[in-house]
**Student:** 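Could you have a look at this structure, given as structure tokens, before my questions?
Sequence lines set the chain letters: A, B, ... in the order given, protein chains first and strands last, and positions in each chain run from 1.
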There are 2 protein chains.
Amino acid sequence: MPITLQDVAQKAGVSIKTVSRVVNEEKNVAEETRHQVLQTIQELGYVPHVQAQRLASGKTRSIVLHFPLSDPGLFSNLIGMDFITGVALAAAKEDYYFSLMTGSLTSGGLIKLCRGAQADGLILMQITVQDWRVEFLRENKFPFVMHGRCANNDGLSFIDLDFEHAMMEAYAHLTSLGHQHIGFLTYPEEWRVKGLGPAVHTLQGFRAAVKKFNVTSPYRECQQTVERAYWATRSLLKENPRITAMVTVHNTQAVGAITALQELNRKVPEDCSIVGVLVGNEGELIIPPLTSIEYSSHEIGHQVAEMLIRKIKETSPGPEQILVRPELKLRRSTAPAPR
Amino acid sequence: MPITLQDVAQKAGVSIKTVSRVVNEEKNVAEETRHQVLQTIQELGYVPHVQAQRLASGKTRSIVLHFPLSDPGLFSNLIGMDFITGVALAAAKEDYYFSLMTGSLTSGGLIKLCRGAQADGLILMQITVQDWRVEFLRENKFPFVMHGRCANNDGLSFIDLDFEHAMMEAYAHLTSLGHQHIGFLTYPEEWRVKGLGPAVHTLQGFRAAVKKFNVTSPYRECQQTVERAYWATRSLLKENPRITAMVTVHNTQAVGAITALQELNRKVPEDCSIVGVLVGNEGELIIPPLTSIEYSSHEIGHQVAEMLIRKIKETSPGPEQILVRPELKLRRSTAPAPR
DNA sequence: CTGAAAGCGCTTACAG
DNA sequence: CTGAAAGCGCTTACAG
């Protein structure tokens, strides 16, 4: 029932190779022949069989994004969605198929992906400082790019956020408003222990910022839930009543902090300012709208996919490494320090 | 370089058909032979070539979800993410690959998808009352299921939300608290005009609820942004000062409404209650936490994928039609009517 | 500019 | 329980 190259060739009175040339827009086809074949394709409603193309050519024209959900709180869902659609749109633009893998990636799964010719390349997330997947893919010479970075990135392509810079921006903004005592809720301890980039780099940036701006800044490593952030904030304020500003790294943390502040009769931002670091664009869904150091997760997804496709096509000169600088977005949760 | 069936067969001293049998766990292989082959596979690190399997068998073992982003506000991103991960996990569980298509689906795109053998089945979203895609797929006998439903669903498989029931629940809850004047922000006018399910069914449910509970309930069709909801709420309250409760159908609307109420010095929930209808589980990220009629978008994604796979395998007896009843989740944004 | 042949790595259908 | 043959629908490499 389905129409094949064979059918088209027969009806058009040419060889299948010629039809193939037309379909793939190769040069060296007489204009007249081209027209004739094109018309036959139209009449018959011919559509190339993707799987056959893939087997014969050895290329799948597809990329896969491994988006681990083992730890669902790891990325804000909203940010995740924007990222995924960024990847999807970039892939579509380059005429690549896009597959999504969730769940944890075992070494067996990775072997299947590479050797089974499921895709031409892979996007990796949740990169740890030392990452076995990176070594594996490198050895197998399978094209991949990272959203994140390792300790040693020689020869690797990645795009990552400049967490250090983000923290600098947050503290620069708050100190410029006169805040000297700033509470900080950061990523959970396990993240840091696992060597996950956001936790590691954010803490480094935090230390550098505290030093540079010479502020008092007690902090808590905190799960990304409203509840945990609520209690962490209460604990911080109890021990450090002079705090006039808070920095958080997740929207749930911001909500928990605001809730705690309100209960303590501290108005935001009059009595206490609050800044979200790398919370995506969710800040405007918080009341009051959250001043944030933010970036476009969609844009990053788009870029990482394009980077991978360049790598697959080998049109990139060498490894590409991009560090995105998030920017301060002023909303209504920050104000000059009281007094 | 890559290991093929041929290589395994040769080394194990059997035919490739036998190796194929072992790989596919078919019956009728001598236990001894099986062992021998399995060991050789292990030694050689053989992994089946997915594209070859697909071409030869005529099955791709993959499904595609068409998630249109042409109208990015159409679904809340958070809900979308949960839905997608639900689909992804269900597909993985059944050992199916999962591809995501975004962007608008042209008739050409749909033809390619079906005839090009890209996937074994398709999940459709944003179903309109009359949907050309449904007709097309039906005629081409391509397996698909819908997240949503048409006007006439004879012979079709779908899973959808019971919007009518959701509205009933919202009004039942508010009237039980003594509210008689209830403002309502619903989906934008264009949605209704296009015949999109949520808009159409919600409005039907709204009318039924107003009648049943005999309340005054002015409403506005409203874009899903904080800003629009803010102004719509102000307009509603200006014209109807007796309103003591609001119903919204999106988290941005809830945020806009709360902001407007606060500016008018109406405390939530003491002076004005607010209920979110079908806002996913985002209600807890709002201050105060939003009482909602909600459901698990993840669960729906999971179910719709399973439904499709049953359809592909033809293990389902006939068309399956599921209407999910969302449930009231009490949080802190509703209270008895003032006085 | 065009085509006949071989082959991509599997599965299907049949035979024994 | 096992295997030899044909074929899935294309592309590659070569020849003319």
**Student:** Below 4.5 Å, heavy atoms only, C-beta onward: do T40(A) and Y46(A) meet side chain to side chain?
**Tutor:** no

**Student:** Determine the minimum heavy-atom distance between D120(B) and P143(B), stating which atoms define it.
**Tutor:** O-CG, 3.3 Å

**Student:** Any heavy-atom pair between the side chains of S104(B) and P68(B) that's under 4.5 Å?
**Tutor:** no

**Student:** Please list every stem that involves DNA chain C, where a stem is a run of 3 or more consecutive Watson-Crick or G-U wobble pairs with both pairing distances under 3.5 Å.
**Tutor:** C:1-3 with D:14-16, C:5-12 with D:5-12, C:14-16 with D:1-3

**Student:** Mind telling me whether F67(B) and F83(B) have parallel, tilted or perpendicular rings, with 30° and 60° as the class edges?
**Tutor:** tilted

**Student:** Quick check on DNA chain C: between I16(A) and A56(B), whose nearest nucleotide comes earlier from the 5' end?
**Tutor:** I16(A)

**Student:** Could you list where the contact with chain A starts and ends along DNA chain C, reading 5' to 3', using a 4.0 Å heavy-atom cut-off?
**Tutor:** dC1(C) to dG9(C)

**Student:** Near DNA chain D, which residues from residues 30-55 of chain B have a heavy atom under 4.0 Å away?
**Tutor:** A30(B), T33(B), L55(B)

**Student:** Got a sec, which pairs hit salt bridge (charged side-chain N to carboxylate O under 4.0 Å, His left out) with one end in residues 298-309 of chain A, sequence neighbours left out?
**Tutor:** K93(A)-E306(A)

**Student:** To the nearest 0.5 Å, what is the distance between OG on S107(A) and NZ on K112(A)?
**Tutor:** 11.0 Å

**Student:** Please round to the nearest 0.5 Å and tell me the distance separating atom CD1 of I41(B) and atom CG of L5(B).
**Tutor:** 8.0 Å

**Student:** Under 3.5 Å, is there a donor on one side chain and an acceptor on the other for T4(B) and H49(B)?
**Tutor:** no

**Student:** Taking the side chain as every heavy atom from C-beta outward, state whether C114(B) and L137(B) have any pair of such atoms under 4.5 Å apart.
**Tutor:** yes

**Student:** With a 4.5 Å heavy-atom cut-off, do F158(A) and L124(A) have their side chains touching?
**Tutor:** no

**Student:** Got V64(B) and Y97(A) here, is their nearest side-chain heavy-atom distance under 4.5 Å?
**Tutor:** no

**Student:** Mind listing the residues from residues 18-25 of chain A sitting with a heavy atom below 4.0 Å of DNA chain C? Number order is fine.
**Tutor:** T18(A), R21(A)

**Student:** Does the side chain of L156(A) reach to within under 4.5 Å of the side chain of R149(A), using non-hydrogen atoms?
**Tutor:** no

**Student:** Sequence neighbours left out, what passes side chain to side chain donor-acceptor pair (under 3.5 Å) with S20(B)? Give chain and number order.
**Tutor:** N24(B)

**Student:** Name the residue closer to the 5' end of DNA chain D, choosing between T4(A) and K59(A) according to the nucleotide with the nearest heavy atom.
**Tutor:** T4(A)

